[in-house]
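FYI, side chains are in, hydrogens and waters are out, and symmetry mates aren't considered; it's all heavy atoms of this structure.
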Amino acid sequence: MVRGFRLIFATSLLLMLLGICNGSKIGICYGRNADDLPTPDKAVELIKNQNINSVRIYDSNIQVLKAFANTGIDLMIGIPNSDLLPFSQFQSNADTWLKNNILPYYPATKITYITVGAEVTEAPNNVSAMVVPAMTNVYTALRKAGLHRKIKVSTTHSLGVLSRSYPPSAGAFNSKHAGFLKPLLEFLAEKQSPFLVNTYPYYAYQDSSNNVSLDYALFESSSEIIDPNTGLLYTNMFDAQIDSIYFALTGLNFKTIKITVTETGWPSKGSPKETAATPENAQTYNTNLIRHVINNTGTPAKPGEAVDVYVFSLFNENRKPGLESERNWGLYYPDQTSVYNVDFTGRGSVDVNTGGNFTSGNGNGNGNGSFWCVASSNASEKELRDGLDWACGSGNVDCSPIQPSQPCFQPDSLVSHASYAFNTYYQQNGATDIACSFGGTGVKTNKNPSYDSCLYMTAGGKKTAASNVTANATSWGQKGYSVPSPYYYYCLLVILFVLTTLSDV
């Protein structure tokens with residue numbers, strides 16, 4: 001009896017861990033509301049060249065589905081709000097759609113999600129009542145085809161589905177959506193599907209720049225905001241927004257539902273009043289976002305919790321209405337030239353290549369094209385300590401070279417150690433002015449601060465030989481792989497323990 005219980009327990013634990021230890025994934029949104037876009041085949045090649053393995057599209061266009069065949073890329077497809085009525089009314093409509101639009105291309109095209117409707121609580125016409133019936137019919141159609149365990153069904157939301165999001169622990173759903181949300185959350189919990197949400201720190205900053213700092217929105221803040229109810233510390237708006245959803249779900253006793261971010265990003269251009277919509281800020285946000293996600297950092301309320309994220313978006317989309325920023329969220333122009341560069345492995349450097357519209361902070365005007373970032377000698381000890389702790393922590397800088405017996409430990413001073421950490425963060429994040437701010441304690445110099453065997457990272461993001469860890473990280477990054485986080489190794493150890501337990505049983 002005991003032996004049987006141990007076997008069941010160990011097997012369940014192993015299956016749970018295998019799911020948890022997959023880690024977070026970064027994908028991209030491939031919208032097509034634009035003129036002169038490349039063909040789907042060319043768009044897929046662009047996606048593959050960026051080492052992107054997850055893509056969201058907003059319909060089930062046949063040419064797009066064919067283009068993703070045999071690529072191994074996970075594809076999230078959408079059923080638009082305009083189709084909710086027929087899908088919700090008759091099961092036969094969902095069955096026919098699946099037969100004609102999905103089954104001919106699956107599994108060569110690796111469809112993993114179907115989103116039924118998008119941000120329906122924001123829609124001008126009240127279609128929210130149709131969402132759960134439509135989702136149920138799509139799920140039933142998948143079950144008939146034996147695909148209900150392989151393709152998840154959900155719907156996307158804006159952060160406007162909340163009535164409160166600050167502080168994160170006060171996150172709560174808007175009561176006016178209760179009739180829609182209760183059956184929806186019951187569906188997601190029963191089917192083990194994620195809650196899909198579009199989060200945009202850009203709008204939080206744009207709408208309330210007096211209360212939200214730009215650095216906080218861009219993952220660049222060296223200070224922390226404390227949630228007064230929980231004592232949790234937040235260094236960026238993205239985590240705060242995600243945790244507000246977690247707390248809202250917990251408040252309704254739906255603690256097991258996972259969260260996936262189906263849209264987030266930053267515009268590279270805006271109207272005159274949208275001063276934060278710049279290529280530099282867009283590059284900074286997406287670069288920091290990707291590193292944050294693939295390192296399995298999780299959020300303060302859910303440390304280490306995997307959260308898949310889709311960056312919005314692949315192309316600028318000139319047909320979109322609204323402010324100028326609405327048409328400038330893309331990483332690429334329709335002619336496939338980059339608006340700015342982002343490394344989706346999260347490990348390499350970022351060089352901006354925009355056809356002359358925007359340049360990175362690497363040039364110094366004297367011909368050698370190199371800058372470094374060092375700690376200001378006028379900064380206080382507390383400011384340096386805060387900046388150093390942040391760089392080596394949330395900033396994801398490898399600070400092993402400044403540890404005892406390592407090449408950059410001497411001189412053993414706070415200014416020297418902070419300089420090494422500041423410069424590494426600066427070079428890894430595009431060598432922009434913002435990346436050297438550290439609350440005013442970082443200063444740029446065109447004099448190489450390297451000394452003896454302590455080699456500072458240079459402009460362009462080239463790794464030094466200052467430590468084996470850094471060198472190894474570079475070689476992985478150059479091959480297109482990401483360096484496993486400590487959480488990954490922890491998972492492996494626990495899985496090995498469970499396997500040992502199973503062998504003993």
Student check: side-chain heavy atoms of Phe344 and Ile28 closer than 4.5 Å: yes

Trp266 ring center near Phe219 ring center (under 6.0 Å): no

SB check Lys258 Asp308 (cutoff 4.0 Å): no

Pair Asn51, Thr345: side-chain N/O donor-acceptor within cut-off below 3.5 Å: no

Any Lys42 side-chain heavy atom under 4.5 Å of Leu46 side chain: no

Sidechain-backbone polar pair: Asn81 side chain, Ala123 backbone, donor-acceptor under 3.5 Å: no

Check: Gln283 main-chain N/O paired with Thr287 side-chain donor or acceptor under 3.5 Å: yes

With Tyr200, the ring-ring contact (aromatic ring centres under 6.0 Å, His included) member among Tyr205, Phe238, Trp329: Trp329

Donor-acceptor side-chain pairing of Tyr285 and Glu280 below 3.5 angstrom: no

Centroid-centroid under 6.0 Å between Phe195 and Phe173 rings: yes

Residues Arg291 and Asn429: side-chain donor-acceptor under 3.5 angstrom: yes

Cation-pi, Phe68 ring and Lys110 (6.0 angstrom, 45 degrees): no

Thr112 vs Lys152 side-chain heavy atoms within contact, under 4.5 Å: no

Sidechain N-carboxylate O distance under 4.0 Å for Asp41, Lys66: no

Derivation and outcome, salt bridge (charged side-chain N to carboxylate O under 4.0 Å, His left out), residues Glu45 and Lys48: CA-CA 5 Å; Glu45 285 303 312; Lys48 288 165 61 179; 3.3 Å; yes

Side-chain H-bond candidate by donor/acceptor type, Ser338 with Asn341, under 3.5 Å: yes

Flag if over 12 foreign heavy atoms under 6.0 Å of NZ, Lys144: yes

Distance-only side-chain donor-acceptor flag, Glu274 / Ser271, under 3.5 Å: yes

Donor-acceptor side-chain pairing of Tyr425 and Asn396 below 3.5 angstrom: no

Check: Glu190/Tyr139 side-chain N/O donor and acceptor closer than 3.5 Å: no

Partners passing side chain to side chain donor-acceptor pair (under 3.5 Å) against His292 (at least two apart in sequence or in another chain): Asp239

Salt bridge flag under 4.0 Å for residues Asp243 and Lys302: no

4.5 Å side-chain heavy-atom contact, Ile245 and Leu162: yes

Pair Tyr310, Glu263: side-chain N/O donor-acceptor within cut-off below 3.5 Å: no

Ser158 versus Asn198, side-chain donor and acceptor atoms under 3.5 Å: no

Flag for Asp215-Ser213: side-chain donor and acceptor within less than 3.5 Å: no

